[in-house]
Every structure is written in C-alpha cells, then in structure tokens.
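Working notes, beginning with the structure itself.
The figures that follow rest on heavy atoms only: side chains count, while hydrogens, waters and symmetry mates do not.
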Amino acid sequence: EDQIQSKTFVEELSACKFCENNLTRVFETEISLNKVPFSTCLLCSCYAPFFMKIDDEGKSLWHEANKKWEHLDRFGFEMEKIKENTLVITNETRKPEFTISQFVAISKSQIGGYPTWVQDSDYLDCPDCTRKMQFIGQIDMEDIEDYSEGIYYFHYCKKCKITGTNYQQT
C-alpha cells in the first residue's frame with residue numbers, strides 16, 4: 001500500500017473563536033487539482049456544523065457562519081490533543097459502499113465513498129450558496145483511540161471553497 005503524502009491531525013496555530021482550543025487540520029486531499037485542507041474545531045464540530053473558508057493560497061480560514069454551542073460556557077471543555085499522524089492515509093482501494101453499515105467491524109475512516117451515518121443522513125448545506133455540500137470523507141474515532149465513539153464527517157463546496165465538518169455518535 002502506498003501512502004499519500006498528507007499528514008493527519010496537525011494542530012493549527014490558530015484557535016477556535018468559541019472554545020479557544022487549537023484548530024486541527026484533520027487531513028488534506030486533492031480536489032480538482034487543488035490541495036484542500038480539512039481543518040476544524042474537534043470540540044465545537046461535535047455540537048454544530050463547523051465551516052472553514054479556503055483562501056486563494058489554500059489556507060483554512062474561520063467562517064462567520066459558525067455558531068457557538070449554547071452550553072459551551074457552562075461546561076468549558078478542553079480537547080485532548082490527538083497525536084499527529086495517528087491515522088496514516090493510504091491508496092488502498094475500497095468500493096464506495098465499503099463502510100456504509102455502521103454495524104460491520106471494520107475501520108470506517110476513509111476519504112471518498114459513502115458515509116456511515118450513525119444517526120440520520122446529514123449532508124451539510126453550504127453557508128454561502130445554500131447548496132448541498134459534497135461528502136469528502138469521514139474519521140471514525142474508534143480508529144483513533146480505544147473505546148472512543150462517533151464519526152466526524154467532512155464536506156466541501158467546490159463553488160464557494162468552503163469545508164464543513166459535522167459529527168454523530170450513538
């Protein structure tokens with residue numbers, strides 16, 4: 001298996017404007033010959049969709065459509081940093097429906113394919129053009145840490161150059 005030259009879980013220098021945890025570039029992939037970084041706040045995206053705008057230089061910038069979770073100040077969570085390159089991206093070929101069932105005991109982390117919705121399907125709407133964003137990939141937290149649960153889903157609007165992250169767990 002060849003590795004794709006993309007690091008995973010790289011801590012960004014900028015912080016989330018809501019919880020003040022550092023943003024994380026979860027992965028980067030090529031879309032229409034452009035490298036697109038998928039950065040997010042791993043805490044805030046658990047409670048509401050989280051968006052980043054990709055600038056002309058390919059950097060992720062905070063999007064004003066982000067909404068603060070109403071109970072964040074009451075609980076004041078601090079995210080534990082995930083070790084860089086905890087997941088290694090490979091060129092392993094899978095069928096698009098490989099991870100479609102949440103009940104199969106396999107790694108559900110992948111770029112491409114169909115999402116493994118834990119609850120109901122939840123494709124994000126672009127906050128700028130309001131069109132459905134394209135599903136790009138997902139990270140299953142079971143692949144990161146024993147006894148973790150939940151899946152982060154990553155979306156992209158090619159027209160507006162916006163990435164979106166949402167999360168589901170049982």
Side-chain angles (χ1 to χ4, degrees), residues 4-72 77 79 82 84-85 87 89-91 94 96-100 108-141 143-144 150-169:
I4 297 173
Q5 299 302 313
S6 178
K7 294 180 179 182
T8 60
F9 293 98
V10 175
E11 191 171 36
E12 300 274 0
L13 297 176
S14 56
C16 175
K17 293 181 181 182
F18 300 144
C19 71
E20 298 179 8
N21 286 297
N22 279 25
L23 298 174
T24 302
R25 188 181 73 225
V26 180
F27 65 92
E28 186 174 86
T29 192
E30 193 171 293
I31 300 174
S32 300
L33 303 176
N34 295 309
K35 287 195 182 249
V36 178
F38 284 83
S39 298
T40 193
C41 175
L42 293 172
L43 174 63
C44 291
S45 62
C46 288
Y47 301 101
F50 196 87
F51 300 99
M52 300 289 283
K53 178 89 174 161
I54 308 301
D55 70 9
D56 292 335
E57 296 171 10
K59 293 188 178 14
S60 291
L61 305 172
W62 179 272
H63 196 288
E64 294 304 318
N66 292 326
K67 292 184 177 30
K68 186 176 182 178
W69 180 49
E70 63 181 302
H71 301 293
L72 182 64
F77 296 107
M79 286 293 290
I82 296 174
E84 191 172 303
N85 292 325
L87 287 180
I89 299 175
T90 69
N91 285 328
R94 291 177 165 182
E97 64 277 0
F98 185 79
T99 65
I100 207 161
K108 293 172 187 67
S109 297
Q110 68 179 17
I111 297 173
Y114 296 115
T116 312
W117 297 116
V118 176
Q119 298 162 355
D120 293 327
S121 66
D122 189 14
Y123 294 94
L124 297 181
D125 294 326
C126 176
D128 286 1
C129 71
T130 69
R131 292 182 183 159
K132 288 287 179 207
M133 298 175 81
Q134 179 184 1
F135 170 76
I136 299 297
Q138 63 190 26
I139 301 293
D140 183 352
M141 291 308 289
D143 294 336
I144 305 300
I151 296 177
Y152 286 95
Y153 304 92
F154 300 91
H155 311 262
Y156 184 63
C157 178
K158 183 176 166 184
K159 177 181 181 258
C160 301
K161 292 185 176 179
I162 293 176
T163 62
T165 307
N166 55 344
Y167 174 86
Q168 292 182 359
Q169 73 178 54

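- Of all the heavy atoms in Lys67 and Phe18, the pair that sits closest is C-CE1, 3.5 Å.
- Listed by chain and residue number, Trp62, Glu64 satisfy the side-chain contact (heavy atoms from CB on, under 4.5 Å) test with Lys17 (two or more places apart in sequence, or in another chain).
- Side-chain atoms of Asp122 and Trp117, non-hydrogen and from C-beta on, do get closer than 4.5 Å to each other.
- If you take CG on Asn22 and CD on Glu12, they are separated by 8.5 Å, rounding to the nearest 0.5 Å.
- In this structure, Gly150 and Tyr167 approach most closely via the heavy-atom pair CA-OH, 3.5 Å.
- Shown here are the side-chain contact (heavy atoms from CB on, under 4.5 Å) partners of Glu30, two or more places apart in sequence or in another chain: Leu33.
- Atom OH of Tyr114 sits in a sparse spot, with 12 or fewer heavy atoms from other residues, nucleotides or ligands closer than 6.0 Å.
- Among residues two or more places apart in sequence or in another chain, the salt bridge (charged side-chain N to carboxylate O under 4.0 Å, His left out) test is passed with Lys59 by none.
- The environment of Lys68 atom NZ is dense: over 12 non-hydrogen atoms of other residues, nucleotides or ligands sit within 6.0 angstrom.
- The structure places OG1 of Thr40 at 13.5 Å from CZ of Arg25, a figure rounded to the nearest 0.5 Å.
- Taking the six-membered ring for Trp and thresholds of 30 and 60 degrees, Trp69 and Tyr47 have nearly parallel ring planes, at less than 30 degrees apart.
- Between the side chain of Gln138 and the backbone N or O of Ile151, no donor-acceptor pair lies under 3.5 Å.
- Nearest heavy atom pair, residue Ser60 against residue Ile54, reads OG-CD1, 3.6 Å.
- Screening Leu124, Ile136, Thr29 against Tyr156 for a side chain to side chain contact (heavy atoms under 4.5 Å, CB included) leaves a single residue, Ile136.
- Heavy-atom minimum distance, Tyr123 versus His155: CA-CE1, 3.9 Å.
- Ion pair Arg131/Asp125 not flagged as a salt bridge, since none of the NZ, NE, NH1 or NH2 atoms sits closer than 4.0 Å to an Asp/Glu carboxylate oxygen.
- Between Cys126 and Lys159, the closest side-chain pair of non-hydrogen atoms is not below 4.5 Å.
- The shortest heavy-atom contact between Ile162 and Met133 is O-CE, 3.1 Å.
- A donor-acceptor pair is defined here as one N or O able to donate and one able to accept, closer than 3.5 Å; no such pair exists between the side chain of Glu20 and the backbone of Ala15.
- Residues Asn66 and Pro49 share a closest heavy-atom pair of OD1-O, 4.1 Å.
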